[in-house]
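Numbers restart at 1 for each chain; the letters A, B, ... are given by sequence-line order, proteins then strands.
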Amino acid sequence: MENTIKVERAILNITQDELAKKIGVSRQTINSIEANRYVPSTVLALKLSELFNKPVNDFFKLSAED
Amino acid sequence: MDTDKIMDCERKRLNKITRFRLPNQFITIGLLIALASILMMFVRAFAMDGETVWLKLLLQKTLLIGMLVMSLSKDKIEDEMTISLRAQSYAIAFIVGVIYALVMPYVEYGVSNVVHSGGEAYKDLGDFQVLLFMLMIQLMFYHTLKRYR
C-alpha cells in the first residue's frame, strides 16, 4: 500500500504532530503511515478522508505487492 | 433471549476482556514493584540469615505482578498502532517462551554435564523462570518495536 499523505498534509500546511492530534493518534503513527511502514485501519483512513475532504482512494493506492 | 443475543453478549464480554488495559500511571507503579522486588531479592540473598525461602517465593510473585502491571499499562498515547505492536509482542513472547521452555532444560543439562563430570539430573524449568522470561521478552520486544516503528 502506498500513500500520498505527506502531500495532502503539505496542502493543508499542517505538521505530523498537528495531523496526529486531529485524528487522535501519535506523531510516530503518522510518520510510520507516511513511510509506508504501517497500513492504517479503515476507521483511521476514513478519519483522514474526512480531514482531507477527499475519498480514501485519492491518497491510498494498492502497490504491486498487494 | 435468543441464540444471537446470547452470542452478541458473549462477544461483547470477550472484547471487553481482551481490550482491558490499566491507565498509563500504572507503568510507574509496576516498575517500582519490580525494582523493589529485585532489590529485596539481593537483600535476602546477601544480608539475611535464617529460613527465608517463603520470602524468596513471595518476591518472585511480586516481581511477576510488577512486570504484569507494566505489561498491561497503556501508553501515554494509545492508538491502533500501539495496540497492534503490543499484540505482536505478546505473540513473539508466547512463541519464544514455549521454545525456551522446551530447549533450556536440555541446555542446562548439557552445560552441567560439561562443567561437572557426571552432571546434574535433567529437570524442567519452574513456572517462575518461564513466566519471567516471557514477560521480559514481551516488554523488550514491545519497546523495541515501538522504537523502530
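- Few gaps surround NZ on B/K146; more than 12 heavy atoms of other groups in view lie less than 6.0 Å from it.
- Annotation: the span from B/K76 atom NZ to A/S26 atom OG amounts to 12.5 Å, rounded to 0.5 Å.
- The OG1 atom of B/T82 sits 10.0 Å away from atom CD of A/Q28, with the distance rounded to the nearest 0.5 Å.
- For CZ of B/F94, the number of neighbouring non-hydrogen atoms (other residues, nucleotides, ligands) closer than 6.0 Å is 12 at most.
- Within a 6.0 Å radius of NZ in A/K61, other residues, nucleotides and ligands contribute more than 12 heavy atoms.
- Here the shortest heavy-atom pairing between A/S32 and B/R149 reads OG-C, 3.1 Å.
- Applying the 6.0 Å contact sphere to CD of B/Q88 captures more than 12 heavy atoms from other residues, nucleotides or ligands.
- Side-chain contact between A/R37 and B/Y148 is absent, with no heavy-atom pair separated by less than 4.5 Å.
- B/L132 and B/M70 end up in the same hydrophobic cluster when Ile, Leu, Val, Met, Phe, Trp and Tyr side chains are linked at under 4.5 Å.
- Side-chain contact between A/I33 and B/M81 is absent, with no heavy-atom pair separated by less than 4.5 Å.
- Here CG of A/L44 is found 8.0 Å from CG of B/D79. Values are rounded to the nearest 0.5 Å.
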